[in-house]
> 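To start, I am sharing the structure in question, which I have written as structure tokens.
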Amino acid sequence: MTNVHDNILGLIGNTPLVRLNEVTKEIPATVYAKLESYNPGHSTKDRIAIHIIEAAEKKGLLKPGSTVVETTSGNTGFSIAMVCIIKGYNCILAVSDKTKQEKIAYLKALGATVYICPANVAADDPRSYYEVAKRVASETPNSIYINQYFNELNIDAHYQSTGPEIWAQTDGKITHLVACTGTGGTLSGSAKFLKEKNPNIKIIGVDASGSILKSYHETGEVHEEDIHPYQIEGMGKNLIPGALLFDQIDEFVRVNDEMAAYRTREIALKEAIMGGYTTGAVTQGLLQYANANPFQKDDIVVMIYPDHGSRYITKVYSDQWMADQGFINNGVHNYDKVYKTELIK
């Protein structure tokens with residue numbers, strides 16, 4: 001018997017690399033996307049959920065009937081809820097009110113209790129989803145708090161899996177790794193492994209306009225004036241995550257909501273890859289980086305595509321949502337005729 005597993009958790013990891021042929025055709029390098037949507041929970045967060053939970057089991061911190069608590073913008077919550085079902089744990093999640101209703105419905109469908117918290121408050125505000133998760137965990141007997149933003153196991157999960165996979169898939173020939181930064185674990189863990197193999201590999205982090213990570217990397221200081229609301233979920237931050245290893249990152253690129261949205265739709269239409277909003281963001285980051293740092297023909301670039309576009313159908317893939325944001329027909333970009341996906345009469 002082949003490709004047979006005892007439960008769905010056996011499908012985590014070993015996601016494919018797919019070459020991009022159209023969206024990045026102006027870049028002379030060979031560009032691959034690592035499709036983390038091929039994980040059973042449809043995102044890269046499956047890797048940290050099982051890694052952190054199984055580490056807690058080994059320490060005796062979790063037993064049947066225990067509760068797992070976490071802060072999430074959606075994907076980590078899906079992954080934790082999935083693992084909790086298989087392992088027999090309760091799941092409580094704190095999300096921001098920026099999270100779309102279909103994501104909240106998905107979390108509830110997987111048995112999670114969901115607390116919805118305001119997005120545009122300081123990280124240390126008692127109403128923030130960070131502080132709510134901490135409080136709930138402290139008040140819930142027999143529970144653990146995943147704390148992905150400051151948990152070194154977030155980094156280790158990708159050091160043990162994502163980085164080695166990319167190295168093996170490219171036969172050690174990768175020259176650039178590009179990934180979005182939220183908690184920082186995916187990029188940091190992968191980068192740490194790859195840099196150990198070849199310190200000349202360039203690590204490019206993609207940050208959101210409205211986040212403080214890029215400027216903090218460049219100056220070592222938090223610039224409060226950088227903070228403003230933005231729409232891209234799961235990337236950028238208004239705090240400095242302990243799981244983000246800034247010393248492993250060579251450069252940050254900052255992208256805005258609009259260009260990331262159009263790029264997400266372009267990838268679907270030209271590469272037939274239905275990626276999430278961060279798929280467009282990381283691709284836009286690569287294109288911006290390439291404008292200032294020309295690639296060579298023998299370069300091999302890997303972008304991490306974190307999740308699946310099915311979670312953004314009423315957001316970035318909706319013409320109405322795009323129009324509500326002021327993107328469509330704003331007179332700045334000439335993308336509307338190409339990237340509209342609905343017939344508007």
Side-chain angles (χ1 to χ4, degrees), residues 12 15-18 20 23-24 31-49 72-82 93 95-96 98-107 110 119 148 158 162 178-187 190 205-211 230-237 253 255-287 302-319 321-322 325 327 339 341:
I12 296 175
T15 56
L17 284 188
V18 175
L20 300 185
V23 174
T24 57
V31 180
Y32 293 102
K34 187 160 178 62
L35 301 184
E36 289 295 282
S37 61
Y38 273 65
N39 284 301
H42 308 305
S43 87
T44 189
K45 296 299 186 178
D46 286 3
R47 297 176 186 268
I48 72 166
T72 179
S73 59
N75 286 330
T76 303
F78 301 142
S79 300
I80 292 172
M82 176 183 70
L93 303 167
V95 306
S96 80
K98 189 168 66 174
T99 306
K100 297 290 284 185
Q101 284 300 313
E102 61 264 29
K103 282 191 172 183
I104 295 171
Y106 194 140
L107 294 170
L110 287 172
Q148 60 176 321
H158 296 284
T162 315
V178 188
C180 292
T181 49
T183 66
T186 301
L187 183 57
S190 302
V206 181
D207 192 21
S209 178
S211 164
Y230 57 93
Q231 289 290 346
I232 308 173
E233 298 172 41
M235 67 175 285
K237 281 291 164 283
V253 179
V255 301
N256 65 37
D257 288 340
E258 181 172 4
M259 290 308 301
Y262 276 117
R263 204 63 69 191
T264 304
R265 291 161 76 115
E266 181 185 22
I267 293 162
L269 288 168
K270 292 185 177 180
E271 306 285 356
I273 296 173
M274 282 289 291
Y277 205 164
T278 44
T279 290
V282 69
T283 307
Q284 178 63 25
L286 170 64
L287 295 173
V302 175
M303 290 187 291
I304 296 178
Y305 280 6
D307 66 354
H308 196 275
S310 58
R311 291 167 179 167
Y312 305 86
I313 293 299
T314 61
K315 193 168 182 176
V316 68
Y317 288 106
S318 163
D319 285 349
W321 183 87
M322 294 283 284
Q325 309 313 306
F327 299 164
Y339 301 141
T341 57

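Numbers here simply count residues along the sequence, with the first being 1. Note: hydrogens, waters and symmetry copies are ignored here, and every other heavy atom, side chains too, is used.
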> Mind telling me whether Phe327 and Tyr262 have parallel, tilted or perpendicular rings, with 30° and 60° as the class edges?
tilted
> Should Met82 and Pro40 count as side-chain neighbours, where that means a heavy-atom distance under 4.5 Å?
yes
> Check the surroundings of atom OH in Tyr38: do more than 12 heavy atoms from other residues, nucleotides or ligands lie under 6.0 Å from it?
no
> If only atom types and distance count, is the side chain of Glu271 paired as donor or acceptor with the main-chain N or O of Val23 below 3.5 Å?
yes
> Start with the C-alpha gap between Leu20 and Ile273, add the side-chain angles, then the distance that decides, and say whether side-chain contact (heavy atoms from CB on, under 4.5 Å) holds.
CA-CA 10 Å; Leu20 300 185; Ile273 296 173; 3.8 Å; yes
> Under a plain distance cut-off of 3.5 Å, with no hydrogens placed, do Ser190 and His158 share a side-chain donor-acceptor pair?
no
> Please list, chain by chain and in numerical order, all residues satisfying salt bridge (Lys or Arg N to Asp or Glu O under 4.0 Å) with Lys103, sequence neighbours excluded.
Glu233
> Taking the side chain as C-beta and beyond, is there a heavy-atom pair between Tyr230 and Ser211 under 4.5 Å?
yes
> Using a strict 4.0 Å threshold on nitrogen-to-oxygen distance, state whether Arg47 and Glu36 make a salt bridge.
yes
> Given 3.5 Å as the limit, does a donor-acceptor pair link the side chain of Ser43 with the main chain of Ser37, or not?
no
> If you define the side chain from C-beta out and look only at heavy atoms, does anything of Pro306 sit under 4.5 Å from Thr279?
yes
> Under the criterion side-chain contact (heavy atoms from CB on, under 4.5 Å), I'd like the reasoning laid out for Gln284 against Val253: C-alpha separation, chi angles, the key distance, then a yes or no.
CA-CA 9 Å; Gln284 178 63 25; Val253 179; over 6 Å; no
> Using the side-chain contact (heavy atoms from CB on, under 4.5 Å) criterion, which residues pair with Ala179? Sequence neighbours excluded.
Leu187, Ile304
> Within a strict 4.5 Å, meaning less than it, do heavy atoms of the Thr72 and Lys45 side chains meet?
no
> Are side-chain heavy atoms of Ser318 and Ile313 found at a separation under 4.5 Å?
no
> First locate atom CD of Gln325, then atom CG of Asp257, and finally report the distance between them rounded to the nearest 0.5 Å.
7.5 Å
> Which one of Asn39, Thr44, Asn75 satisfies the side chain to side chain donor-acceptor pair (under 3.5 Å) criterion with Asp307?
Asn75
> Can you name the residues that form a salt bridge (Lys or Arg N to Asp or Glu O under 4.0 Å) with Arg311, not counting sequence neighbours?
none
> Taking only residues two or more places apart in sequence or in another chain, which ones pass side-chain hydrogen bond (donor to acceptor under 3.5 Å, both in side chains) with Thr283?
Tyr305
> Return the OG1 to CE distance between Thr183 and Met235, rounded to the nearest 0.5 Å.
12.0 Å
> Atom NZ of Lys270 and atom CZ of Arg265: how far apart are they, to the nearest 0.5 Å?
13.5 Å
> What residues, two or more places apart in sequence or in another chain, satisfy side-chain hydrogen bond (donor to acceptor under 3.5 Å, both in side chains) together with Ser79?
Asp46
> How many angstroms lie between atom CE of Met303 and atom SG of Cys180, to the nearest 0.5 angstrom?
10.0 Å
> Among all residues two or more places apart in sequence or in another chain, which pass the side-chain hydrogen bond (donor to acceptor under 3.5 Å, both in side chains) test with Ser96?
none
> Report the C-alpha distance between Lys315 and Tyr277 in whole Å, list the side-chain angles of each, state the deciding distance to 0.1 Å, and finish with yes or no for side-chain contact (heavy atoms from CB on, under 4.5 Å).
CA-CA 9 Å; Lys315 193 168 182 176; Tyr277 205 164; 4.2 Å; yes
> Run the side-chain contact (heavy atoms from CB on, under 4.5 Å) check on Thr15 and Leu35 step by step: do they pass?
CA-CA 6 Å; Thr15 56; Leu35 301 184; 5.6 Å; no
